[in-house]
S.K.: 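Dropping a structure here in structure tokens format, bear with me for questions.
Side-chain atoms are counted along with the backbone in the values below, which use heavy atoms only and exclude waters and symmetry mates.
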Amino acid sequence: MKRLIATTCLIAVSAAAWGQAQRKPAVATPAMIEPMTARPQARLLPTTQALFDAYVRDGKMPGIVGAFGVGDRPTMFVSAGRIADDALAAPAGPDSLWRVYSMTKPITGMAAMILVEEGKLRLDQPISDFFPGFRTMTVASSPETSLAGVPAKAPITVRNLLTHTAGLSYNINAKGAMLKEYERLGLLPAAVNSQMEAQMRAVRPSTLAEFAERVAKAPLIAEPGTKWSYSIGLDVMGAVIEKASGMPFDTFVQTRIFAPLKMTSSYWTVPASAANRLATNYAFVGETLTPVDPGATSVWLQKPSFPYGGAGLVMSARDYDRFLHMLQNYGSLDGVTIMKPETARLAMSNLLPNGVTFGGVAAGTGGTNAAVPMGFGAGGSVYLADKPNGPGKGTYGWGGAAGTIAFVDPGRQTRGTIMVNYFPAEKWPTRAEIPAALAQDVARMRAR
């Protein structure tokens with residue numbers, strides 16, 4: 001999700017660290033890493049498996065899971081380590097649960113596109129049709145120093161929410177006066193740990209509708225449709241989906257995406273029966289790997305204030321792979337159609353308003369910086385050209401604040417999901433190293 005809680009959380013963790021002995025980075029014990037020869041997937045993706053093993057062996061992370069697909073061949077799962085740095089913790093695997101943070105955004109984006117397909121939403125429809133408070137918005141002239149501004153000339157549209165061009169901000173990147181206003185209004189749609197949740201819940205709205213109504217009270221940082229700015233737009237999109245569909249946002253996602261795709265390990269609230277599969281989330285304080293949100297006592301075991309469309313999900317690698325596989329197939333999987341091919345193609349195309357560009361963002365936001373032109377689709381970035389030795393033109397995806405990564409390249413019929421949980425996401429160059437390792441393995445497979 002963001003440069004996020006990478007910042008917020010490190011502050012909290014640093015404070016906690018003063019009260020306890022410094023912990024050394026986790027060093028893998030023999031029990032934490034099976035021999036490569038004992039794992040069938042290691043023979044299919046040996047370069048990727050070796051990289052994962054090295055991450056755990058070198059204490060860079062307690063565990064990691066990857067789910068990779070080529071065409072309609074069976075998904076290849078690669079894993080190393082455990083879901084926590086305890087030698088008794090469960091091994092990391094396809095059904096382990098991870099906080100995907102901003103990898104929630106593509107799912108919210110596709111939920112919106114389903115309603116576009118059904119005619120219940122239009123891409124260029126003003127969201128004031130659903131929340132009248134957005135009819136009169138103010139654009140702050142100097143958002144870091146003052147909330148004063150001028151009336152917005154254009155309405156915020158569905159397209160704007162999906163592509164971060166609504167003129168909204170985020171508590172993770174807002175500064176000064178705007179940040180204080182977001183905090184005052186409780187525009188804090190994310191969970192970190194139980195300690196921070198108690199503070200945020202005290203000021204956060206208790207429903208999605210109330211959240212959207214409060215967002216409408218805050219000034220904008222730019223005229224709608226004129227600038228890409230990472231934002232709470234997908235959270236507001238969840239509220240619009242709720243109104244347009246006539247059912248709770250999380251129910252809509254469950255009914256129209258998770259259930260038909262048999263995604264049985266995707267949660268807004270992790271049930272007690274699945275708590276033993278939930279990874280611990282960590283933060284690096286210097287070089288020290290420190291627990292932020294232990295799986296056994298995680299904040300994700302309690303119901304959130306409302307389902308966060310921008311950063312609210314805990315998921316398994318197996319489940320996210322099924323979502324990506326559906327997109328790879330342009331809307332269908334295993335005989336089940338989620339959306340029409342033309343809708344899926346539209347959703348994964350460049351939906352930015354005319355004149356707006358997307359130049360990439362830091363890894364901690366969930367996004368990426370690429371050496372090729374990029375656009376933005378429904379909740380995720382889109383490659384507008386082939387990247388040498390990397391993703392092809394049309395690759396769509398996003399990542400999460402705690403290091404997770406997801407991409408699908410429909411043209412080349414490939415997809416990948418990487419699950420880890422630590423702040424900051426950019427601590428290690430996984431977003432460059434893993435695709436490079438995977439490319440070597442895929443080239444080897446195709447050469448056979």
S.K.: Is the distance between the ring centroids of Trp398 and Tyr320 under 6.0 Å?
M.R.: no
S.K.: Which pair of non-hydrogen atoms, one from Val356 and one from Thr165, has the smallest distance, and what is that distance?
M.R.: CG1-CG2, 3.9 Å
S.K.: Less than 3.5 Å apart, which donor and acceptor atoms pair up between the side chains of residues 129-143 and the rest of the protein, not counting sequence neighbours?
M.R.:
unit_1, atom_1, unit_2, atom_2, d
Asp129, OD2, Gln125, NE2, 3.1
Ser142, OG, Thr145, OG1, 2.7

S.K.: Taking NZ, NE, NH1 and NH2 as the nitrogens, is one of them in Glu181 or Arg184 under 4.0 Å from a carboxylate oxygen of the other?
M.R.: yes
S.K.: Do Met237 and Val158 touch side chain to side chain, with heavy atoms closer than 4.5 Å?
M.R.: yes
S.K.: Return yes if some donor-acceptor pair links the side-chain N/O of Ser206 with the main-chain N/O of Ser305 below 3.5 Å, else return no.
M.R.: no
S.K.: Got Met178 and Pro219 here, is their nearest side-chain heavy-atom distance under 4.5 Å?
M.R.: yes
S.K.: Indicate whether the side chain of Arg277 and that of Ser316 have a donor and an acceptor atom separated by less than 3.5 Å.
M.R.: no
S.K.: Just do the side chain to side chain contact (heavy atoms under 4.5 Å, CB included) check on Leu289 and Phe284 with the steps written out, would you?
M.R.: CA-CA 5 Å; Leu289 192 64; Phe284 282 90; 3.3 Å; yes
S.K.: At what distance, to the nearest 0.5 angstrom, does CG of Leu327 lie from CG of Asp409?
M.R.: 12.5 Å
S.K.: Between the main-chain N or O of Leu346 and the side-chain N or O of Ser349, is there a donor-acceptor pair closer than 3.5 Å?
M.R.: yes
S.K.: I need the Arg82 CZ to Ser96 OG distance, nearest 0.5 Å.
M.R.: 10.5 Å
S.K.: If I compare all heavy atoms of Lys303 with all of Arg201, which pair ends up nearest, and what's the gap?
M.R.: O-NH2, 2.7 Å
S.K.: Could you grab the distance from atom CZ of Arg322 to atom OG1 of Thr417, nearest 0.5 Å is fine?
M.R.: 12.5 Å
S.K.: Please determine if Arg204 forms a cation-pi arrangement with Phe211, meaning its NZ or CZ atom is less than 6.0 Å from the six-membered ring centre and no more than 45° off the ring axis.
M.R.: no
S.K.: How long is the straight-line distance from CD1 of Ile83 back to OG1 of Thr280, given to the nearest 0.5 Å?
M.R.: 7.0 Å
S.K.: Does a salt bridge link Arg214 with Glu210, judged by any charged N lying under 4.0 Å from a carboxylate O?
M.R.: yes
S.K.: Hey, would you say the Phe423 and Tyr101 ring centroids sit under 6.0 Å apart?
M.R.: yes
S.K.: Do any N or O atoms from the side chain of Asp235 and from the backbone of Gly310 form a donor-acceptor pair under 3.5 angstrom?
M.R.: yes
S.K.: Please find the pair of heavy atoms, one from Gly331 and one from Ala344, that lie closest to each other, and give the distance.
M.R.: N-CB, 3.9 Å
S.K.: Measure the NZ-CD distance between Lys60 and Glu287 for me, rounded to the nearest 0.5 Å.
M.R.: 10.0 Å
S.K.: Quick one: OG1 on Thr357 to CG on Leu352, what's the gap to the nearest 0.5 Å?
M.R.: 8.0 Å
S.K.: Does the pair Ile64 and Ile418 meet the rule for a side chain to side chain contact (heavy atoms under 4.5 Å, CB included), with working shown?
M.R.: CA-CA 7 Å; Ile64 181 170; Ile418 296 98; 3.9 Å; yes
S.K.: Could you report the tightest heavy-atom contact between Met113 and Thr343, atom names first, then the distance?
M.R.: O-CG2, 3.5 Å
S.K.: Is there a side-chain contact between Pro410 and Met348 (heavy atoms, below 4.5 Å)?
M.R.: yes
S.K.: Output all residues satisfying salt bridge (Lys or Arg N to Asp or Glu O under 4.0 Å) with Asp319, sequence neighbours left out; order by chain, then residue number.
M.R.: none
S.K.: So which atom in Ala244 and which in Leu115 form the shortest heavy-atom distance, rounded to 0.1 Å?
M.R.: CB-CD1, 4.1 Å
S.K.: So, Arg159 side chain and Leu351 main chain: donor-acceptor pair closer than 3.5 Å or not?
M.R.: yes
S.K.: Ala425 and Ala401: which non-hydrogen atoms are nearest, and at how many Å?
M.R.: CB-O, 3.3 Å
S.K.: Could you tell me how the ring of His164 sits relative to the ring of Trp228: parallel (under 30°), tilted (30 to 60°) or perpendicular (over 60°)?
M.R.: perpendicular
S.K.: Using modelled atom types and a 3.5 Å cut-off, is there a donor and acceptor pairing between side-chain atoms of Thr75 and backbone atoms of Ala67?
M.R.: no
S.K.: Taking the side chain as every heavy atom from C-beta outward, state whether Thr104 and Tyr308 have any pair of such atoms under 4.5 Å apart.
M.R.: no
S.K.: Applying side chain to side chain contact (heavy atoms under 4.5 Å, CB included) to Asp293 and Trp300, what does each step give before you reach the verdict?
M.R.: CA-CA 9 Å; Asp293 187 41; Trp300 301 85; 3.3 Å; yes
S.K.: Report yes if the side chains of Ile434 and Leu51 come closer than 4.5 Å at any heavy-atom pair, otherwise no.
M.R.: yes
S.K.: Given side chains that start at C-beta, do those of Leu162 and Thr157 come closer than 4.5 Å, heavy atoms only?
M.R.: no
S.K.: Just checking Tyr55 against Trp428, ring centres under 6.0 Å apart?
M.R.: no
S.K.: Passes side chain to side chain contact (heavy atoms under 4.5 Å, CB included), Tyr230 versus Ser102? Steps please.
M.R.: CA-CA 11 Å; Tyr230 203 47; Ser102 282; 2.8 Å; yes
S.K.: Would you call Lys427 and Met61 a side-chain contact if the rule is heavy atoms closer than 4.5 Å?
M.R.: no
S.K.: Enumerate the ring pair (Phe, Tyr, Trp, His ring centres under 6.0 Å) contacts for residues 248-279, please, sequence neighbours excluded, ordered by first and then second residue.
M.R.: Phe249-Trp268
S.K.: Taking the side chain as everything from C-beta on, heavy atoms only, tell me whether Thr207 gets closer than 4.5 Å to Phe306.
M.R.: no
